[in-house]
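In this text the structure is predicted, and so the values were computed from the model without any measurement.
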Amino acid sequence: MIRDMRQEDKAVFLDMAETFYASNAVAHTVDSHILEAAYNAAISKSPYLRALIIEDNGMPAGFALLSFSYATEVGGLAILLEDLYISETCRGKGLGSQFMQFMEQEYPAAKRFRLEVTRENQKAIGLYSTIGYKAIDYVQMVKDI
């Protein structure tokens with residue numbers, strides 16, 4: 001089951017997010033106050049962020065964060081899969097694939113689904129490639145304020 005994050009998910013989300021941001025799935029760690037800000041934005045129903053809990057047999061097994069923008073290259077809604085985390089004990093059950101399918105079904109008007117993956121995360125690259133994602137040749141640049 002995939003559902004929107006609720007207030008009572010705070011501790012579970014923060015624990016999973018800290019584990020995710022300490023893994024090779026991301027390029028760097030994220031301070032806990034930033035993760036709490038993401039939780040607060042999700043709970044306040046920010047139009048820029050949707051947070052989802054992925055369950056396995058009624059128990060939290062992972063989470064996903066989506067953000068939304070307009071992509072000129074494709075002329076419409078672009079959905080960025082900010083984070084997708086499946087707990088280690090629940091990996092290999094198809095939950096990641098199920099989430100990807102859910103995301104595309106939830107947003108049939110989207111023109112692009114986009115995600116980031118570290119080169120070291122070969123299992124994720126394999127999953128995403130299998131379901132039709134391909135690398136694009138951009139250098140990503142940021143300026144954090």
Side-chain angles (χ1 to χ4, degrees), residues 1-74 76-136 138 140-142 144:
M1 177 174 167
I2 299 167
R3 62 171 174 79
D4 287 298
M5 189 179 298
R6 301 185 293 241
Q7 283 189 314
E8 60 267 24
D9 295 318
K10 182 176 183 177
V12 169
F13 166 71
L14 292 176
D15 183 55
M16 288 189 293
E18 286 182 13
T19 301
F20 176 67
Y21 276 97
S23 74
N24 73 345
V26 296
H28 56 84
T29 59
V30 171
D31 289 336
S32 60
H33 75 279
I34 292 175
L35 298 174
E36 190 148 349
Y39 164 81
N40 290 334
I43 293 304
S44 70
K45 303 295 184 200
S46 167
Y48 308 110
L49 175 69
R50 184 176 181 193
L52 298 138
I53 295 293
I54 301 162
E55 293 183 341
D56 183 36
N57 294 319
M59 300 298 295
F63 73 92
L65 299 178
L66 305 176
S67 63
F68 309 92
S69 66
Y70 183 91
T72 306
E73 289 182 344
V74 293
L77 175 64
I79 297 174
L80 175 61
L81 177 55
E82 291 278 349
D83 300 334
L84 175 59
Y85 172 77
I86 306 296
S87 67
E88 205 164 321
T89 59
C90 294
R91 292 181 190 159
K93 296 181 175 185
L95 297 175
S97 296
Q98 288 173 24
F99 178 80
M100 300 302 285
Q101 186 177 35
F102 166 87
M103 180 177 65
E104 291 183 20
Q105 289 173 350
E106 276 288 290
Y107 300 98
K111 298 292 185 182
R112 171 174 281 169
F113 294 95
R114 188 172 181 158
L115 55 85
E116 298 172 349
V117 60
T118 60
R119 285 179 178 81
E120 294 82 17
N121 197 350
Q122 289 298 309
K123 280 192 166 189
I125 290 171
L127 166 65
Y128 301 141
S129 296
T130 299
I131 58 175
Y133 285 74
K134 60 184 178 181
I136 55 176
Y138 286 111
Q140 183 165 334
M141 300 174 68
V142 298
D144 293 331

### Query
From Glu116 CD over to Asp83 CG, what is the distance, rounded to the nearest 0.5 angstrom?
9.5 Å

### Message
Between Ser23 (side chain only) and Phe20 (backbone N and O only), is there a donor and an acceptor less than 3.5 Å apart?
### Response
yes

### Query
So, for Leu127 and Ser97, which heavy atoms are closest and what is the spacing to 0.1 Å?
CD1-OG, 3.1 Å

### Query
side chain to side chain donor-acceptor pair (under 3.5 Å): which pairs involve residues 25-44, sequence neighbours left out?
Lys10-Glu36

### Task
Check the surroundings of atom CZ in Arg112: do more than 12 heavy atoms from other residues, nucleotides or ligands lie under 6.0 Å from it?
yes

### Message
Evaluate Tyr128 against Met100 for side-chain contact (heavy atoms from CB on, under 4.5 Å), listing each step before the verdict.
### Response
CA-CA 9 Å; Tyr128 301 141; Met100 300 302 285; 3.9 Å; yes

### Query
For the atom pair CZ (Arg119) and CG (Asn121), what is the distance rounded to the nearest 0.5 Å?
12.5 Å

#### Entry: Which atom of Val74 lies closest to which atom of Lys111, heavy atoms considered
CG2-CB, 3.5 Å

### Rounded distance [0.5 Å steps], CD in Glu88 versus OG1 in Thr19
9.5 Å

### Query
Can any side-chain N or O of Asp9 pair as donor or acceptor with the backbone N or O of Arg6 at less than 3.5 Å?
yes

### Query
Nearest 0.5 Å, what's the CG-CG distance between Leu115 and Leu81?
5.5 Å

Using atom types as modelled, flag every donor-acceptor pair under 3.5 Å from a side chain in residues 46-54 to any protein atom, sequence neighbours excluded.
residue : atom : partner : partner atom : Å
Ser46   : OG   : Tyr48   : N            : 3.1
Arg50   : NE   : Asp4    : OD1          : 2.7
Arg50   : NH1  : Glu106  : OE1          : 2.8
Arg50   : NH1  : Tyr107  : OH           : 2.9
Arg50   : NH2  : Asp4    : OD1          : 3.4
Arg50   : NH2  : Asp4    : OD2          : 3.3
Arg50   : NH2  : Glu106  : OE1          : 3.4

### Query
Rounded to the nearest 0.5 Å, how far apart are CZ of Arg3 and CE of Met5?
8.5 Å

### Task
Grab the two heavy atoms, one from Ala64 and one from Leu84, that are nearest each other, plus how far apart they are.
CB-CD1, 4.1 Å

### Task
Take Arg114 and Ile79 through the side-chain contact (heavy atoms from CB on, under 4.5 Å) test and state the conclusion after the steps.
CA-CA 6 Å; Arg114 188 172 181 158; Ile79 297 174; over 6 Å; no

### Query
Does Leu35 reach the side chain of Tyr21, with side-chain heavy atoms less than 4.5 Å apart?
yes

### Nearest non-hydrogen partners of Ile125 and Thr118, listed with the distance
CD1-O, 3.7 Å

#### Entry: Glu8 atom CD, neighbour heavy-atom count above 12 within 6.0 Å
yes

### Task
For the residue pair Phe13 and Phe63, categorise the inter-ring angle as parallel (less than 30°), tilted (30 to 60°) or perpendicular (more than 60°).
perpendicular

### Pair Val30-Glu18, side-chain contact (heavy atoms from CB on, under 4.5 Å): steps then yes or no
CA-CA 8 Å; Val30 171; Glu18 286 182 13; over 6 Å; no

### Query
Which value, rounded to the nearest 0.5 Å, describes the distance between Glu55 atom CD and Met59 atom CE?
8.5 Å

### Task
Looking only at non-hydrogen atoms, find the nearest pair between Glu82 and Ser67 and report the distance.
OE2-OG, 2.8 Å

### Non-hydrogen atoms of Arg91 and Ile86 that approach each other most closely
NE-O, 2.7 Å

